[in-house]
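Here is the naming used below: chain letters follow the sequence lines, and residue numbers restart at 1 for every chain. All figures in this text were calculated on a predicted structure; none of them were measured in a lab. The analysis underlying the following values was restricted to heavy atoms, covering all of them including side chains, and did not include hydrogens, waters or symmetry mates.
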4 protein chains.
Amino acid sequence: MARGNTRQRIQDVALELFAEQGYEKTSLREIAERLDVTKAALYYHFKTKEDILIGLFHDLTRPMDELIEWAKAQPRSLETRQEVLRRYQAALLDAAPLFRFMQENQATVRELSVGLTFKERMIELTGLVKEPDFAMVDQVRCISAIFTLHAGAFFMQNVEGDPEDKQDAVLEVALDLLAQAHDA
Amino acid sequence: MARGNTRQRIQDVALELFAEQGYEKTSLREIAERLDVTKAALYYHFKTKEDILIGLFHDLTRPMDELIEWAKAQPRSLETRQEVLRRYQAALLDAAPLFRFMQENQATVRELSVGLTFKERMIELTGLVKEPDFAMVDQVRCISAIFTLHAGAFFMQNVEGDPEDKQDAVLEVALDLLAQAHDA
Amino acid sequence: MARGNTRQRIQDVALELFAEQGYEKTSLREIAERLDVTKAALYYHFKTKEDILIGLFHDLTRPMDELIEWAKAQPRSLETRQEVLRRYQAALLDAAPLFRFMQENQATVRELSVGLTFKERMIELTGLVKEPDFAMVDQVRCISAIFTLHAGAFFMQNVEGDPEDKQDAVLEVALDLLAQAHDA
Amino acid sequence: MARGNTRQRIQDVALELFAEQGYEKTSLREIAERLDVTKAALYYHFKTKEDILIGLFHDLTRPMDELIEWAKAQPRSLETRQEVLRRYQAALLDAAPLFRFMQENQATVRELSVGLTFKERMIELTGLVKEPDFAMVDQVRCISAIFTLHAGAFFMQNVEGDPEDKQDAVLEVALDLLAQAHDA
DNA sequence: CATGAATGAGGGTTCATTCAT
DNA sequence: AATGAATGAACCCTCATTCAT
């Protein structure tokens, strides 16, 4: 039967259940049952339950980290920042369930024994699209641009309209905020 | 000793612990110990653990519901919407720990058997500050205004600056987004 | 309001609930709620939960004990024994719920720290309607006469027919068994 | 050590304790301790405490159901009915502790979410040894025959005499009652 | 690769009971 | 005669985890 890919299947099912019910309320029994294997089988692939979560966490943060690293290597210009927003939106949409899960389970994820937290990465990211000596209003605009992308990925599904149109509009507003901040 | 206020004290300690570690990872034993009473005492005041959470949830949503009701009774004008933002920001800052907790434990709160969910209230709220026939960009601006206030309450503590200045700036950006949307 | 009779009301409600759900599964909370008083109030009238049960037990065994005592004072004749059956049937029907409860909760009642057990009384009673030197078949007939009365009180409700007719028939069969035993 | 038979051992110990103290008063801790395993081990074999009871209940009712089914397939004759009594007595003696337990814990067993109740089976069984158009006295005789067997299994241990003799006498009385009913 | 069987720790909950008022 | 508040013990149950096979 399906071989070798078990590790991935576990992660997939885990994400699905974690996202639906939260990490703590999802038991390994549930995951195992949905995969039609025994709990013990999970332990062949992951040392602990937290390990499954950490795996997911890394899948999520890798693109963020890459984006951050890339941005750091670029000139601190408006153009770079525009590109950061574009790429961040793409990442967000690409891994929406993962992002959503991390947002909705921050309380859990915060305690994870794993390098930088999600929030720390957000701080880094926002730091990259603004200058500390900007006027406060403009700093807020830059941060708002990032959160607009978040809203776009997680909240805009509640608004009528063509998905692509919506994401275009979201990006436009975000870029606009950025531009306003840099105009001042 | 201190009597009569036990119910409130339970809720206070619970919020503190829920916020810190998440709802599921906080045990009633912990709450009881911190209050120096037995677990059973908690059950005299709340029928179930979830009931404590529901109590907190209501404390949070009451101001939101009042705001929503108030807004519904006003003319759908820019002025009303500006006032909504002002009041929402005030509510947000007033009950920051509660709001933060609800955001960070959405997975848990979502399943709560309690009237409208947090998200449903957000939808109502955003619906009140925009018109469905706005251009998509402008709808996004209005939603972004709300999320800017959120960012202001939860994320801006990571930015240097005088708290009051920061909140002023946050409100300004939010109002600005609203105005842009209504200018179009 | 209703005063003085609270003790009785507690016993009534308790019997009702004990009979319906069993003693162990009935909590004092339930009893108190159904009476619209607090649990603590029950403790004014009964020292413990078991005390309520003991009260009920005595209400049940008093008629049995009286019957046993009466029979002991009579000549060990067929006539006496016929009268025992008649009186036992009357007692059975009079306190049917109580008897039924005792039968259905023997496991609980057995441990009661209270003089003779229900079973011991049954042994006494059967001892009174037979002679130890009867042939075994006849001893069985006498015991069977008693159990016929039980069946009459608790099981015959499942048989079609006029209640009075049924009880008459039951007594007739019981008396008949007794007579057969004494004829031999 | 002894493996594979754990499930059976749990059921054995459970019956012993349930019979001795009643179902509700027997805790899983007790069962586990007597088996020298942990409580959790019980849950590997039974989904719930009630499940253990249901297991026992089925062990008890299986022979009854088989007997009922068999009887239904036979002609409604006196001979069949005699055989029913014989087989029922055998079943009763075979599974005496189980029967005794069910009788003494009817209050508990009644609520069991499990097909037919014990009482319903008794109704079926008595229905099989009599005709609805018998005179009432004769219907009672047939029912009494069944209850005589019960008395034989549970109460006759309190009577002096050789066990086998006693059971023979019991069956004789039961058969006699049946015959009298059919003679009329 | 995976299972069957089991464990230890802890969870939420309920209970009978107490006692100051 | 009854209540409000609380307790201590026990309960059933679930969980993540282990390990021999």
Side-chain angles (χ1 to χ4, degrees), chain A residues 1-7 10 24-32 35-52, chain B residues 1-7 10 24-32 35-52, chain C residues 1-7 10 24-32 35-52, chain D residues 1-7 10 24-32 35-52:
Chain A
M1 337 258 143
R3 41 170 232 302
N5 61 341
T6 303
R7 199 192 146 90
I10 292 173
E24 331 268 0
K25 267 176 67 179
T26 302
S27 70
L28 293 185
R29 182 179 49 68
E30 253 178 307
I31 298 177
L35 284 166
D36 207 41
V37 294
T38 48
K39 264 186 298 172
L42 303 183
Y43 280 87
Y44 181 83
H45 297 281
F46 293 91
K47 244 181 31 224
T48 73
K49 183 188 181 188
E50 202 180 297
D51 254 34
I52 302 181
Chain B
M1 338 242 139
R3 45 173 219 303
N5 59 341
T6 304
R7 200 190 143 90
I10 292 173
E24 333 267 1
K25 269 176 64 179
T26 302
S27 73
L28 293 185
R29 184 179 48 68
E30 258 177 302
I31 299 179
L35 285 167
D36 206 41
V37 293
T38 47
K39 267 190 294 171
L42 304 183
Y43 278 88
Y44 181 78
H45 296 281
F46 294 90
K47 254 194 5 244
T48 150
K49 185 187 180 189
E50 200 181 300
D51 250 38
I52 302 181
Chain C
M1 338 253 143
R3 42 169 230 304
N5 60 343
T6 304
R7 199 191 145 90
I10 292 173
E24 331 269 1
K25 267 176 67 178
T26 303
S27 71
L28 294 186
R29 182 178 49 67
E30 254 177 307
I31 298 177
L35 285 166
D36 208 41
V37 294
T38 47
K39 263 185 298 173
L42 304 183
Y43 279 88
Y44 181 84
H45 297 281
F46 293 91
K47 244 180 36 222
T48 73
K49 184 188 180 188
E50 201 181 298
D51 255 33
I52 302 181
Chain D
M1 334 245 141
R3 44 171 222 302
N5 60 339
T6 304
R7 201 192 144 91
I10 292 173
E24 333 268 0
K25 270 176 62 179
T26 303
S27 73
L28 294 184
R29 183 178 47 69
E30 257 177 304
I31 299 179
L35 285 166
D36 206 41
V37 295
T38 47
K39 266 187 296 170
L42 305 184
Y43 279 91
Y44 180 77
H45 296 280
F46 294 90
K47 254 193 5 241
T48 149
K49 184 187 180 188
E50 200 181 299
D51 250 38
I52 302 182

Colleague: So which heavy atom on A:Glu24 is nearest to which on B:Glu24, and how close?
Modeller: CB-CB, 3.5 Å
Colleague: Starting from P on E:dA6, measure out to NZ on A:Lys39 and report it in whole angstrom.
Modeller: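 Spelled out: NZ on A:Lys39 to P on E:dA6 is 13 Å.
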Colleague: Nearest whole Å is fine: how far is E:dG11 C1' from B:Ile52 CD1?
Modeller: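 Those two atoms, CD1 and C1', are 14 Å apart.
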Colleague: Taking the nucleotide of DNA chain F with the closest heavy atom to each, which residue, A:Thr26 or C:Leu42, is nearer the 5' end?
Modeller: C:Leu42
Colleague: Please report, rounded to the nearest Å, how far the P atom of E:dG12 is from the OH atom of B:Tyr43.
Modeller: 7 Å
Colleague: Between P on E:dC1 and CZ on A:Phe46, what's the gap in Å once rounded to a whole number?
Modeller: 13 Å
Colleague: Can you check whether A:Ser27 has a side-chain N or O nearer than 4.0 Å to OP1 or OP2 of F:dC15?
Modeller: yes
Colleague: Counting only Watson-Crick pairs (N1-N3 plus N6-O4 or O6-N4) and G-U wobbles (N1-O2, O6-N3), all under 3.5 Å, who is the partner of E:dT21?
Modeller: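 The base-pairing partner of E:dT21, which may sit in any strand shown, is F:dA2.
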Colleague: Is the closest side-chain heavy-atom distance between A:Ile10 and A:Val37 below 4.5 Å?
Modeller: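 No, too far: nothing below the 4.5 Å cut-off.
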Colleague: Are any non-hydrogen side-chain atoms of A:Ile52 and A:Leu28 less than 4.5 angstrom apart?
Modeller: yes
Colleague: Please determine, for F:dC15, whether a Watson-Crick or G-U wobble partner exists with both distances under 3.5 Å, and give it or none.
Modeller: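 Its partner is E:dG8.
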Colleague: Report the residue (A:Ala41 or D:His45) whose heavy-atom-nearest nucleotide on DNA chain E is the more 5′ of the two.
Modeller: A:Ala41
Colleague: Could you tell me which non-hydrogen atom of D:His45 sits nearest to which non-hydrogen atom of D:Arg7, and how far apart they are?
Modeller: O-NH1, 3.1 Å
Colleague: Just compare E:dA6, F:dA6, F:dC13 and give me whichever is closest to any side-chain atom of B:Tyr44.
Modeller: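 For B:Tyr44, the side-chain atoms sit closest to F:dA6.
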Colleague: Can you see which heavy atom on B:Tyr43 is nearest to which on B:Thr48, and at what distance?
Modeller: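 Heavy atoms only, the tightest pair is CE2-CA, 4.1 Å.
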Colleague: I want to verify a distance call: between F:dT3, F:dC15, E:dA5, whose nearest atom is closest to the C:Thr38 side chain?
Modeller: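 Of the options given, the side chain of C:Thr38 lies nearest F:dT3.
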Colleague: Could you tell me how far apart B:Leu35 (CG) and F:dA5 (P) are, to the nearest whole angstrom?
Modeller: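 Going from CG in B:Leu35 over to P in F:dA5 covers 15 Å.
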Colleague: What is the distance from CZ of A:Arg29 to C1' of F:dT17, rounded to the nearest Å?
Modeller: 15 Å
Colleague: Could you pick out which residue, A:Thr48 or D:Leu28, lies toward the 5' side of DNA chain F when each is mapped onto its nearest nucleotide?
Modeller: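 It is D:Leu28 whose nearest nucleotide is closer to the 5' end.
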Colleague: Could you check how far CD of A:Glu24 sits from P of E:dG10, rounded to whole Å?
Modeller: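 So the CD-P distance, A:Glu24 to E:dG10, works out to 16 Å.
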Colleague: Round to a whole Å and report the spacing from NZ of B:Lys47 to P of F:dA5.
Modeller: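 Checked: the NZ to P distance equals 17 Å.
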Colleague: Identify which nucleotide among E:dT7, E:dA2, F:dT18 has an atom closest to any side-chain atom of A:Ala40, counting heavy atoms from C-beta outward.
Modeller: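 Of E:dT7, E:dA2, F:dT18, F:dT18 is nearest to the side chain of A:Ala40.
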Colleague: Distance check: side-chain N/O of C:Thr6 vs OP1/OP2 of F:dA2, anything under 4.0 Å?
Modeller: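 So the side-chain polar atoms of C:Thr6 do come within 4.0 Å of the phosphate oxygens OP1 or OP2 of F:dA2, strictly under.
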Colleague: Starting from the 5' end of DNA chain E, give me the residue, B:Glu30 or C:Glu30, whose nearest nucleotide shows up first.
Modeller: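 Per heavy-atom nearest nucleotide, the more 5' residue is B:Glu30.
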